[in-house]
Number of protein chains: 2
Amino acid sequence: MKRKPSTEATAAWIRLMRIQSRVLGAVEQDLKKAGFPPLAWYDALLELSRAPGGELRPVELEKQMLIPQYSTSRLIDRLVEEGLAARRECKMDKRGLFVEITEAGRDLQKRMWSAYSTAIERHVGSKLSDADAAKLCGLLDRLGCSCDQATPVPPSAVATR
Amino acid sequence: MKRKPSTEATAAWIRLMRIQSRVLGAVEQDLKKAGFPPLAWYDALLELSRAPGGELRPVELEKQMLIPQYSTSRLIDRLVEEGLAARRECKMDKRGLFVEITEAGRDLQKRMWSAYSTAIERHVGSKLSDADAAKLCGLLDRLGCSCDQATPVPPSAVATR
DNA sequence: GACTAATCCATGCAGGCGCATTTAATCAAG
DNA sequence: CTTGATTAAATGCGCCTGCATGGATTAGTC
């Protein structure tokens, strides 16, 4: 049998889609205007910078960022191309490799976080009290069924889409 | 001066991005598995079907759906190509045109809503009480600064991204 | 009416995504 | 050690998006 959603559920769905799109757009615009690359780059650089030794297997990166395999592969391409990361041989498993963040990568990550955090404050923080932000988190988490990760700050935020 | 976001605000931002992505992905998967086209098509067909005479100027569609101009232009291309809509001459303003939904278009919209509503129930409705869904709406709306439209059901939901 | 500005829509191009497949290496059995 | 299944990563293809631009028409001003 087919249950139909309540109007409340439908309204929540609409808001979730629309508001996310707006807020994401606004934040990405801010970053772009400041001359920075897309948020996905930030996420990847953050994960790498956090990893012990500043290096990670693509598979790990993929799991952290919750993006498909081919997507990480290409993201790494771009990071390497810009000198923000480097591919390194993986001796214990020659199918794979390590991706290591460079100094330029670490530097960019830090500079981006400065602009990024400002944008978050502008488009989210300033519109919600801490208590309300926490409530919002709680409600959203319930939609995430498998709410695995409690990501710490600064955020590996965007599933980039 | 640069204000930094609270950890609550940052956490809310992360959830907003991650959960939206997951829920959207889940709903789109359901639709795709049922053999339907992307959600954006549904939104367009819904707007058209609602419009008086079943026709709309691209400009109107653009405003309703909150997507960029070129995006509507190409979306219309695809709808026309599939026989779901037709371009018609606009006599009062020869720069423009009308897009009119076809019978096939109306039919598809109805069939999609059936699958779509089921998916919304599955991925949103079933996880939140009506009261909580309403709370979520309220909180999200506050992020939308210019909370212009109170969209009615069924939803013109997705800003498709 | 003539000229400039603004509006409506289409489109070429570059880049990114999703899908499916390929290549290479490891693992699991016999 | 050989075979077959599995996993890691890359890549070719088609579609979609964003950006910038172009062509056509209308509106505003004098």
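Each chain gets a letter, A, B and so on, in the order its sequence line appears, and its residues count up from 1.
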Is A:Thr118 reaching over with its side chain to a backbone N or O of A:Ser114, donor-acceptor style, under 3.5 angstrom? yes

Grab the [atom1]-[atom2] distance between [X] and [N] for me, whole Å please.
{"X": "B:Asp43", "N": "D:dC16", "atom1": "CG", "atom2": "P", "answer": "15 Å"}
{"X": "B:Asp93", "N": "D:dA24", "atom1": "CG", "atom2": "P", "answer": "15 Å"}
{"X": "A:Glu89", "N": "C:dA25", "atom1": "CD", "atom2": "P", "answer": "11 Å"}
{"X": "B:Arg88", "N": "C:dC9", "atom1": "CZ", "atom2": "P", "answer": "16 Å"}
{"X": "A:Ile67", "N": "C:dC19", "atom1": "CD1", "atom2": "C1'", "answer": "16 Å"}
{"X": "A:Arg57", "N": "D:dT7", "atom1": "CZ", "atom2": "C1'", "answer": "10 Å"}
{"X": "A:Lys63", "N": "D:dT7", "atom1": "NZ", "atom2": "C1'", "answer": "11 Å"}
{"X": "A:Met92", "N": "C:dA25", "atom1": "CE", "atom2": "P", "answer": "16 Å"}

Transitively linked via ILVMFWY side-chain contacts under 4.5 Å: B:Phe98 with B:Val80? no

Ignoring the backbone of [X], work out which of [options] is nearest its side chain.
{"X": "A:Ser73", "options": "D:dA10, C:dG16, D:dC19", "answer": "D:dA10"}
{"X": "B:Arg95", "options": "C:dC17, C:dA24, D:dT26", "answer": "D:dT26"}
{"X": "B:Tyr70", "options": "C:dT11, D:dA10, C:dC19", "answer": "C:dT11"}

What do you reckon, is CZ of B:Arg88 surrounded by more than 12 foreign heavy atoms closer than 6.0 Å? no

Hey, which sits more toward the 5' end of DNA chain C by its nearest nucleotide, A:Arg74 or B:Pro58? B:Pro58

When we call it a touch if two heavy atoms are under 4.0 Å apart, what does B:Ile76 touch: a base, just sugar-phosphate, or nothing? nothing

Under 4.0 Å, heavy atoms only, any strand: does A:Pro68 hit a base, just the sugar-phosphate, or nothing? sugar-phosphate

Donor/acceptor link under 3.5 angstrom from A:Gln69 side chain onto base of D:dA10: yes

Among B:Asp141, B:Leu139, B:Leu136, which residue satisfies the side-chain contact (heavy atoms from CB on, under 4.5 Å) criterion with A:Arg15? B:Asp141

[N], OP1 or OP2 - any side-chain N/O from [X] closer than 4.0 Å?
{"X": "A:Lys94", "N": "C:dC27", "answer": "no"}
{"X": "A:Arg78", "N": "C:dC17", "answer": "yes"}
{"X": "B:Arg87", "N": "C:dA10", "answer": "yes"}

Return the orientation label for the A:Tyr116 and A:Tyr42 ring planes: parallel under 30°, perpendicular over 60°, tilted otherwise. perpendicular

